[in-house]
Amino acid sequence: MTELEEAQAPSTSPSRLAELATRRGDVALEEALAANPSTPLGDLEALAEAHPQAICNNPLWSVLLLEGVPEWGAYPNLMLALLESPEVA
């Protein structure tokens, strides 16, 4: 399985996705990580500024919109993606 396939697979462990998130510069890999519901919140935060649409397409996004995120202030890029999300507008 390639790194891109791992990044796209919801069954990939959060720890492996976090490891993949340390690799910067591969736009396809970053977008796949941003759209994966198993990617840890901290990594989604790091990806949100560059890939807000992928974050909004992440199935986890609906859960975050409904339940909220504890301490949204710790995730300013996710908060910005939320504010710009078409589901909120």
Pair listing, side chain to side chain donor-acceptor pair (under 3.5 Å) test, anchored in residues 29-40, at least two apart:
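Those involving residues 29-40 are Glu30-His51.
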
Can you pull the side chain to side chain donor-acceptor pair (under 3.5 Å) pairs that have at least one residue in residues 18-28, sequence neighbours excluded?
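Sorted pair list: Glu3-Arg23, Arg16-Glu19.
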
Do you know the tightest heavy-atom contact between [X] and [Y]?
{"X": "Pro40", "Y": "Leu17", "result": "CD-CB, 4.4 Å"}
{"X": "Leu20", "Y": "Ala7", "result": "CD1-N, 4.0 Å"}
{"X": "Ala32", "Y": "Leu4", "result": "CB-CD1, 3.9 Å"}

Connected-component partners of Met1 among ILVMFWY, side-chain separation under 4.5 Å
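Traced through the cluster, Met1 reaches no other member.
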
With Asn58, the side chain to side chain contact (heavy atoms under 4.5 Å, CB included) member among Leu44, Leu33, Leu47:
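With Asn58 as partner, Leu44, Leu33, Leu47 yield a single side chain to side chain contact (heavy atoms under 4.5 Å, CB included), made by Leu44.
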
Note, Pro76 side chain near Glu49 side chain (heavy atom, < 4.5 Å)
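Not in contact.
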
